[in-house]
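These notes concern the structure reproduced below.
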Amino acid sequence: MNSGRRSSPSETIRIDLLPLEQQVKALTQQLEGDAEGLLSLLRLLEYLHREIQDGPFRKALPTDRQALYGLLRDMETAGGWPYIPRLQIRTFLELLEADQPSLKSENSDAKA
């Protein structure tokens, strides 16, 4: 029975992505030992990553500095951005904070 708890958007997305994840894992197992097949799979995944990143994701990024800072902070907390090492994200966040110190204090006030 439903406890009345609604799924968050990120939970819903994770649930929607489960079949795709399972298919990729199954294909990976099927291709075990086949370097060329696995390389083709990796190339396809990289192509899809870039297509999503350069298109819909880029268009969806916040346009104001504070919202972008919040997104980057959440990404740092949750494990980073694909293909961007955590250190670079942390450095970017520090640069944003240095550029606009009021973001840090506004953020602290919002949590209080």
What are the two closest heavy atoms between [X] and [Y], and how far apart are they?
X: T28; Y: L41; result: OG1-CD2, 3.5 Å
X: L93; Y: R73; result: CD2-N, 3.6 Å
X: L38; Y: G33; result: CD1-N, 4.4 Å

> Is there a chain of hydrophobic side chains (I, L, V, M, F, W, Y, each step under 4.5 Å between heavy atoms) that links L72 to L61?
Replying inline: yes
> Transitively linked via ILVMFWY side-chain contacts under 4.5 Å: L44 with L39?
Replying inline: no
>> Which residue in the set Q23, Q29, Q30 passes side-chain contact (heavy atoms from CB on, under 4.5 Å) when paired with L27?
In response: Q30
> What distance do L68 atom CG and M75 atom CE have between them, rounded to the nearest 0.5 Å?
Replying inline: 9.0 Å
> Who are the salt bridge (charged side-chain N to carboxylate O under 4.0 Å, His left out) partners of E21, not counting sequence neighbours?
Replying inline: K25
Pairs of donor and acceptor atoms involving the side chains of residues 47-57, under 3.5 Å and at least two apart or interchain, shall be tabulated with distances.
unit_1, atom_1, unit_2, atom_2, d
Y47, OH, E51, OE1, 2.6
R50, NH2, E46, OE2, 2.7
D54, OD1, R58, NH2, 3.4

